[in-house]
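In what follows, a single structure is set out as structure tokens and then discussed.
The model shown is predicted, which means the values in this text are computed figures rather than measured ones. Sequential numbering from 1 along the given sequence is applied to the chain's residues. All values below come from the heavy atoms of this structure, side chains included, with hydrogens, waters and symmetry mates left out.
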Amino acid sequence: MVVPFAGADESLRALELIAHDRDARGVRVVIVDLAGAIIDEGFGALALERILDAIAGLGAEPILA
């Protein structure tokens, strides 16, 4: 599954929807699409870390692209 990184809130909402979708429970890999994302060392890095933790919480492996 591919989730675009448009910011922490939007990406976390997408992951929450995935978690509640019975058909998506078999997802083992989530690709976080960073195309066009601006990741700074402060807030952006913390937001990305929250996304990666949420993916791991779903039992999936996060991959950054």
Side-chain angles (χ1 to χ4, degrees):
M1 176 162 294
V2 178
V3 175
F5 183 78
D9 293 335
E10 292 85 3
S11 298
L12 286 171
R13 275 189 229 117
L15 291 171
E16 185 177 319
L17 290 172
I18 293 167
H20 295 318
D21 184 350
R22 285 188 294 153
D23 293 332
R25 290 188 182 155
V27 171
R28 296 291 172 235
V29 174
V30 176
I31 299 169
V32 181
D33 181 4
L34 298 174
I38 298 172
I39 308 294
D40 62 13
E41 291 181 21
F43 180 73
L46 291 175
L48 186 56
E49 185 177 349
R50 288 176 52 206
I51 301 300
L52 297 177
D53 288 343
I55 292 170
L58 292 173
E61 177 183 355
I63 296 177
L64 303 175

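- Nearest heavy atom pair, residue S11 against residue F5, reads OG-CA, 3.6 Å.
- In summary, of the residues considered (V29, L48, I31, I55), a side-chain contact (heavy atoms from CB on, under 4.5 Å) with P62 occurs for I55 alone.
- Atoms CG and CG, on L15 and L12 in that order, are 6.0 Å from each other to the nearest 0.5 Å.
- In this structure, CD on E16 lies 10.0 Å from CG on L58, to the nearest 0.5 angstrom.
- The shortest heavy-atom contact between A60 and V27 is CB-O, 3.9 Å.
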side-chain contact (heavy atoms from CB on, under 4.5 Å) assessment of I51 paired with V30 | CA-CA 10 Å; I51 301 300; V30 176; over 6 Å; no
